[in-house]
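Notes follow once the structure below has been shown.
These numbers come from a predicted model, not from an experiment. No hydrogens, no waters, no symmetry mates; every other heavy atom, side chains included, goes into these values.
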Amino acid sequence: MSDNTFDLVIRARQCLLDGELRGATIGVRDGVVAAIGELDEEFTGAGSVTIPDDHLLLPGMIDTHVHINDPGRADWEGFETGTKAALQGGYTTLVDMPLNSLPSTVSVDALVTKKAAAQGNCYVDMGFWGGAIPGNKADLEPLHRAGVFGFKCFLADSGVPEFPPLDAAQLREHLEEIARIGSLMIVHAEDPETLAAAPSVGGRAYSDFLASRPDESEVAAIALLIDTVRATDARVHILHLSSAKALPQIRAAKAEGLALTVETCPHYLSFDADTIRDGSTAHKCCPPIRDQANQDLLWEALRDGTIDCVVSDHSPSTAELKQLDVGDFQTAWGGVSSVQVAFTAVWTAARERGFEFADVVRWMCERPAQIVGMTGKGAIAVGNSADLIEYAPDELWTVDAAALEHKNKISAYDGVQLTGRRYSTWLRGTAIDTSAAAGAFIRR
């Protein structure tokens, strides 16, 4: 095979390369990007695709925060439906959280069980997180050697009894081990004492639920986390940042040089507390969606790099657990199902604030890959896996929850008009759709 002969050639007038959209010809060989040429460069391929001029060629998105809940709670989602939804949403790679599956991924044996449930059922590539809970410090290094991308812990109640939180002493002990083995801890940062002291009123009023999860719970937990990172030199990632009041201490920690990264989620960037209807438990998540002024500050933190990335935190459940008929925010399951719409939801909101497509791809593809140490993915570049999507950036459509691939047809975005739609996906240079499970397991 000559240097200019490939398995697949894709030509696009708008291809995202090195942070800018420009014309390019992509040559794919053996599942990787083998060459990148000018739009009119003579590449020969066994297969050839030309992207319409008004569509974009982008790297496949990477979501490092999804709850597949399989095995054990596959009635909440499952690998087949979750990865089909991700594929439709423009993702080519997911990393699955260690809960709410049964067993939780807190040991190598549990990881083996989870992989058995996923085998043959993944429509995109799949990686896994390990879990850090009281008493499993000795399991961290074996899980690290088994290829998990890092470890998740909670500082407050996780919502499921089999995944208890770490207290301050346990956090330090686990972070010392994380630093020793060279891994990453990802943290649900809410402070249990602050939550316990907050008013807790059941019912349909969103304002009552919001008052039960105050900003101070995130501020206090993140302060503890920063102090512990400083003491242990561990690498830590803050999950689903909701409160802008925590941003000053995060900025200071980063300026100090601490190994701290931060994510937020599409629902915090798309919705605000003043517009959530009472009883709309599809919008319940922890930490909660806060007010418009808070949202504006989150966007500013994305602009200046204080927040590193945007991930879905796809956390589905059954309609019964969501209590859609009752609408009680205190007792309903907390989690937003969004992996099929997350990328487009962020693009829709970002373009209205003057951001470019390169910004969204940096937040939802490049930085997630960098943070978790996922090599060979995250950008269209020679030597990288040919994980690509064709995307129509200006196409309008309205979310219909009943039409989503999610197992439970519940969406906070139901009825919301979005801008942008995925058309085609290539995984390692092969066109994929929901007719066949082509995903592979990936490891750190």
Side-chain angles (χ1 to χ4, degrees), residues 6-12 26 28-33 45-52 55-63 66-71 74-96 114-128 312 314 316 337-344 364-365 377 380 384-392 395 397-411 413 418 420-442:
F6 304 94
D7 303 323
L8 173 68
V9 173
I10 304 179
R11 291 181 171 84
I26 308 298
V28 177
R29 188 183 297 131
D30 297 329
V32 303
V33 176
S48 181
V49 174
T50 299
I51 303 298
H55 288 192
L56 313 179
L57 184 66
L58 306 172
M61 297 303 111
I62 296 170
D63 193 343
V66 295
H67 294 267
I68 300 294
N69 308 324
D70 195 4
D75 56 328
W76 296 16
E77 186 62 275
F79 284 102
E80 180 180 359
T81 53
T83 57
K84 280 183 176 179
L87 170 59
Q88 297 283 31
Y91 291 95
T92 52
T93 306
L94 305 180
V95 186
D96 181 44
K114 175 164 280 194
K115 284 185 172 182
Q119 187 67 48
N121 293 315
C122 296
Y123 288 74
V124 299
D125 283 355
M126 179 65 61
F128 303 95
S312 73
H314 176 69
S337 298
S338 63
V339 72
Q340 189 165 337
V341 300
F343 173 49
T344 292
M364 304 190 77
C365 181
K377 290 177 181 278
I380 302 175
N384 274 8
S385 182
D387 302 343
L388 308 164
I389 61 171
E390 175 194 344
Y391 193 82
E395 185 169 328
W397 60 288
T398 300
V399 178
D400 175 7
L404 298 175
E405 296 282 356
H406 305 166
K407 180 169 287 186
N408 293 284
K409 311 301 184 181
I410 303 165
S411 175
Y413 296 86
L418 299 178
R421 186 188 289 273
R422 179 217 65 115
Y423 269 76
S424 300
T425 298
W426 294 265
L427 184 61
R428 293 181 299 280
T430 298
I432 59 170
D433 57 32
T434 55
S435 66
F441 294 153
I442 60 170

Is it the case that the side chain of [X] and the backbone of [Y] share a donor-acceptor pair, with hydrogens and angles ignored and the cut-off at 3.5 Å?
{"X": "K409", "Y": "L404", "value": "yes"}
{"X": "D433", "Y": "S435", "value": "yes"}
{"X": "H314", "Y": "S338", "value": "yes"}
{"X": "D30", "Y": "D7", "value": "no"}
{"X": "W397", "Y": "G420", "value": "yes"}

I want to check something: taking the side chain as every heavy atom from C-beta on, are [X] and [Y] in contact at a cut-off of under 4.5 Å?
{"X": "R11", "Y": "S48", "value": "yes"}
{"X": "R422", "Y": "Y91", "value": "no"}
{"X": "R428", "Y": "D387", "value": "yes"}
{"X": "T344", "Y": "Y413", "value": "no"}
{"X": "F79", "Y": "D96", "value": "yes"}
{"X": "E405", "Y": "T81", "value": "no"}
{"X": "P52", "Y": "E390", "value": "yes"}
{"X": "E80", "Y": "Y123", "value": "yes"}

Q. Can you check side chain to side chain contact (heavy atoms under 4.5 Å, CB included) on H406 and Q340, steps first, answer last?
A. CA-CA 8 Å; H406 305 166; Q340 189 165 337; 3.6 Å; yes
Where is the tightest heavy-atom contact between [X] and [Y], given as atom of each residue plus distance?
{"X": "A342", "Y": "S312", "result": "CB-CB, 3.9 Å"}
{"X": "A437", "Y": "G120", "result": "CB-O, 3.4 Å"}
{"X": "G82", "Y": "V339", "result": "O-CG1, 4.0 Å"}
{"X": "A431", "Y": "W426", "result": "N-CD1, 3.5 Å"}
{"X": "L427", "Y": "T92", "result": "CD1-O, 3.8 Å"}
{"X": "F128", "Y": "A118", "result": "CZ-CB, 4.3 Å"}

Which value, rounded to the nearest 0.5 Å, describes the distance between [X] atom [atom1] and [Y] atom [atom2]?
{"X": "L94", "Y": "C122", "atom1": "CG", "atom2": "SG", "answer": "8.0 Å"}
{"X": "I380", "Y": "L57", "atom1": "CD1", "atom2": "CG", "answer": "4.5 Å"}
{"X": "D75", "Y": "N69", "atom1": "CG", "atom2": "CG", "answer": "8.5 Å"}
{"X": "T93", "Y": "M126", "atom1": "OG1", "atom2": "CE", "answer": "9.0 Å"}
{"X": "I432", "Y": "T425", "atom1": "CD1", "atom2": "OG1", "answer": "5.5 Å"}

**Q.** Pair E395 + R421, salt bridge at N-O below 4.0 Å
**A.**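 Here E395 pairs with R421 in a salt bridge, since their nearest N and O are under 4.0 Å apart.
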Q.
Among V66, D125, T434, V124, which residue satisfies the side chain to side chain contact (heavy atoms under 4.5 Å, CB included) criterion with T83?
A.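 For T83, the side chain to side chain contact (heavy atoms under 4.5 Å, CB included) check succeeds only for V124.
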